[in-house]
2 protein chains.
Amino acid sequence: MRRIDNKEIFSKHGIKNTKQRNVILDILKNTDSPITAEEIFIRSQDSNVNMNFSTVYRILNTFVLKDIAIKTSIGEDDKNLYELNMEEHSHYLICLSCKKMIKIGHCPLEEYESQIQRNTKFRIIGHKLEIHGYCPECIEEDMHENKN
Amino acid sequence: MRRIDNKEIFSKHGIKNTKQRNVILDILKNTDSPITAEEIFIRSQDSNVNMNFSTVYRILNTFVLKDIAIKTSIGEDDKNLYELNMEEHSHYLICLSCKKMIKIGHCPLEEYESQIQRNTKFRIIGHKLEIHGYCPECIEEDMHENKN
DNA sequence: GTGGGTGCAAAGGGTTTGCAGCAAG
DNA sequence: CTTGCTGCAAACCCTTTGCACCCAC
């Protein structure tokens with residue numbers, strides 16, 4: 001998978017190429033499911049770049065504004081999650097027990113959306129879909145616990 | 001549409017039938033789209049029942065715990081929204097401009113869910129779907145503004 | 001009467017902001 | 001050099017909590 005250079009991304013959006021933005025963009029590129037600002041802050045400590053919590057938030061807000069990242073409010077606790085804005089459209093299957101999130105490739109809603117568009121005269125821009133359940137591991141664990 | 005008596009609901013869930021809970025349950029019954037705790041508090045002032053903000057939150061949390069209500073984190077701002085837990089399953093079409101929410105009746109995901117269940121061995125419990133776009137009114141308004 | 005529920009005020013936790021200093025263009 | 005970006009600390013906002021009082025059962 002080819003990854004566009006950070007520098008290119010920043011200049012395309014007319015924002016400065018700073019160390020902090022590079023660190024955060026790299027973190028977002030290297031995660032496969034949405035993460036919290038806190039998690040990003042923690043991971044940024046592994047780099048040798050100075051990083052402040054408010055900087056994390058400011059950069060994330062900038063990224064969201066520039067459509068570099070997406071802010072989702074998926075989690076059951078009330079923290080926001082951030083992920084890279086991939087052109088490819090995907091959804092998550094979320095385990096209610098361990099909170100693990102698994103990306104689902106195919107999206108079944110294209111036809112449905114155009115149908116709604118016809119019926120409601122809305123101009124549909126996109127959608128957010130989460131599917132909730134319990135993952136095989138948690139189901140198994142639960143069965144063991146209940147044996148006791 | 002028949003509405004189950006508040007008193008019945010409370011006793012079924014083993015919680016006390018208080019004035020405040022009645023007010024909030026009535027508000028939830030009379031709204032057709034999810035609302036914030038703040039909005040509930042404001043509307044509660046119309047009644048002659050004393051109501052405190054923390055009471056609103058406490059009652060909402062109780063309702064969610066008892067499955068009387070559902071907490072959703074749909075809105076673009078980070079406030080939580082609450083709605084009555086209808087047995088019937090529904091989704092919302094949300095206008096990105098005026099934030100109006102329109103309930104969508106039919107859900108296209110049942111077959112899709114069982115397919116995922118087969119493929120991933122997850123035990124699927126449910127899902128959350130929001131469709132985003134611009135409503136006819138906002139599209140019209142926008143066109144007028146752009147004429148200037 | 002008793003325990004659950006409420007009011008009040010204060011704390012919590014995530015996120016934002018004002019300001020001074022710094023560093024990318 | 002200049003403007004935008006960052007660090008720091010304090011503020012903000014939504015939500016929760018501790019405690020004393022009260023009311024539904």
Side-chain angles (χ1 to χ4, degrees), chain A residues 5-25 27 34-45 47-66 68-82 99, chain B residues 5-27 34-45 47-66 68-82:
Chain A
D5 192 48
N6 289 356
K7 206 170 166 177
E8 203 176 316
I9 294 180
F10 297 142
S11 73
K12 186 173 74 180
H13 289 98
I15 60 178
K16 284 187 179 168
N17 174 22
T18 69
K19 289 185 229 121
Q20 290 82 352
R21 283 184 180 148
N22 270 284
V23 170
I24 292 185
L25 188 48
I27 291 171
I35 52 179
T36 60
E38 188 185 12
E39 179 63 27
I40 291 172
F41 177 73
I42 292 169
R43 294 195 197 175
S44 76
Q45 309 296 29
S47 74
N48 52 352
V49 172
N50 198 10
M51 183 77 74
N52 189 279
F53 236 116
S54 52
T55 304
V56 173
Y57 279 112
R58 263 191 290 232
I59 290 177
L60 287 173
N61 285 341
T62 304
F63 283 4
V64 169
L65 201 67
K66 298 292 186 182
I68 298 169
I70 297 171
K71 178 177 174 180
T72 73
S73 42
I74 271 179
E76 295 313 296
D77 40 0
D78 302 329
K79 299 181 192 173
N80 291 313
L81 299 178
Y82 298 86
K99 308 295 179 194
Chain B
D5 191 48
N6 289 357
K7 205 167 168 180
E8 203 177 318
I9 294 181
F10 297 143
S11 73
K12 186 172 73 177
H13 289 97
I15 61 178
K16 282 186 181 169
N17 173 23
T18 69
K19 289 186 229 119
Q20 289 83 350
R21 284 184 180 148
N22 270 286
V23 170
I24 292 185
L25 187 48
D26 284 339
I27 291 171
I35 52 178
T36 60
E38 188 185 11
E39 179 63 28
I40 290 171
F41 177 72
I42 292 169
R43 294 194 197 174
S44 76
Q45 309 296 31
S47 74
N48 53 351
V49 173
N50 198 11
M51 183 78 73
N52 189 278
F53 236 116
S54 53
T55 304
V56 173
Y57 279 111
R58 264 192 289 234
I59 289 178
L60 287 173
N61 285 341
T62 304
F63 282 5
V64 169
L65 201 67
K66 298 291 185 184
I68 297 169
I70 297 171
K71 178 178 176 179
T72 75
S73 42
I74 270 178
E76 295 311 298
D77 41 0
D78 302 331
K79 298 184 196 171
N80 292 312
L81 299 179
Y82 298 85

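Residue numbers start from 1 in every chain, and the chains themselves are labelled A, B, ... in the order their sequence lines are given, proteins ahead of strands. Just so you know, these numbers use all the heavy atoms, side chains as well, and skip hydrogens, waters and symmetry mates.
A straight line from OH of Tyr57(A) to P of dG18(C) spans 18 Å, rounded to a whole angstrom. Rounded to an integer number of Å, the gap from CD1 of Ile40(B) to P of dT15(D) is 10 Å. Summarising the geometry, the separation between CG on Leu60(A) and P on dT6(D) is reported as 11 Å, rounded to the nearest angstrom. Remark: P of dG4(C) and NZ of Lys66(B) are 11 Å apart, rounded to the nearest angstrom. Summarising the geometry, the separation between CD1 on Ile59(A) and C1' on dT16(C) is reported as 15 Å, rounded to the nearest angstrom. Remark: P of dC14(D) and OH of Tyr82(B) are 12 Å apart, rounded to the nearest angstrom. Protein atom NE2 of His13(A) is 21 Å distant from nucleotide atom P of dA24(C), rounded to whole Å. Rounded to whole Å, the distance from CZ on Phe53(B) to P on dC14(D) is 8 Å.
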Test side-chain contact (heavy atoms from CB on, under 4.5 Å) applied to Arg21(A) and Phe63(A), step by step:
CA-CA 9 Å; Arg21(A) 283 184 180 148; Phe63(A) 283 4; 4.3 Å; yes

Checking side-chain contact (heavy atoms from CB on, under 4.5 Å) for the pair Arg58(A)/Ser54(A): CA distance, chi angles, key distance, verdict?
CA-CA 6 Å; Arg58(A) 263 191 290 232; Ser54(A) 52; 3.7 Å; yes

Passes salt bridge (charged side-chain N to carboxylate O under 4.0 Å, His left out), Glu39(A) versus Arg43(A)? Steps please.
CA-CA 6 Å; Glu39(A) 179 63 27; Arg43(A) 294 195 197 175; 2.7 Å; yes

Using side-chain contact (heavy atoms from CB on, under 4.5 Å), reason through Ile24(A) and Tyr82(A) one step at a time and then give a plain yes or no.
CA-CA 11 Å; Ile24(A) 292 185; Tyr82(A) 298 86; over 6 Å; no

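An OP1 or OP2 oxygen of dG5(C) is reached within less than 4.0 angstrom by no side-chain nitrogen or oxygen of Lys16(B). The phosphate of dT16(C) has OP1 or OP2 within less than 4.0 Å of a side-chain N or O from Asn61(A). Close to dC8(C), at under 4.0 Å from its OP1 or OP2, lies a side-chain N or O of Asn52(B). The side chain of Gln20(A) contributes no N or O atom lying less than 4.0 Å from OP1 or OP2 of dA23(C). Within the 4.0 Å cut-off from OP1 or OP2 of dG7(C), at least one side-chain nitrogen or oxygen of Asn50(B) is found.
The base of dG7(D) sits within donor-acceptor range of the side chain of Arg58(A), with an N or O pair under 3.5 Å. Not a single donor-acceptor pair, N or O on each side, falls under 3.5 Å between the base of dC5(D) and the side chain of Thr55(A).
Checking Asn22(B) against Asn17(B) by side-chain atom types alone, a donor-acceptor pair falls below 3.5 Å.
At a threshold of 4.0 angstrom between heavy atoms, the contacts of Asn17(B) are confined to the sugar-phosphate backbone, with no base atom among them. Counting non-hydrogen atoms under 4.0 angstrom, Ser54(B) reaches a base of the nucleic acid.
Residue Asn80(B) places its side chain closer to dT15(D) than to any other of dT15(C), dT15(D), dC5(D). Taking the side chain of Lys71(B) as heavy atoms from C-beta on, and the options dT16(C), dT16(D), dT6(D), the nearest nucleotide is dT16(D).
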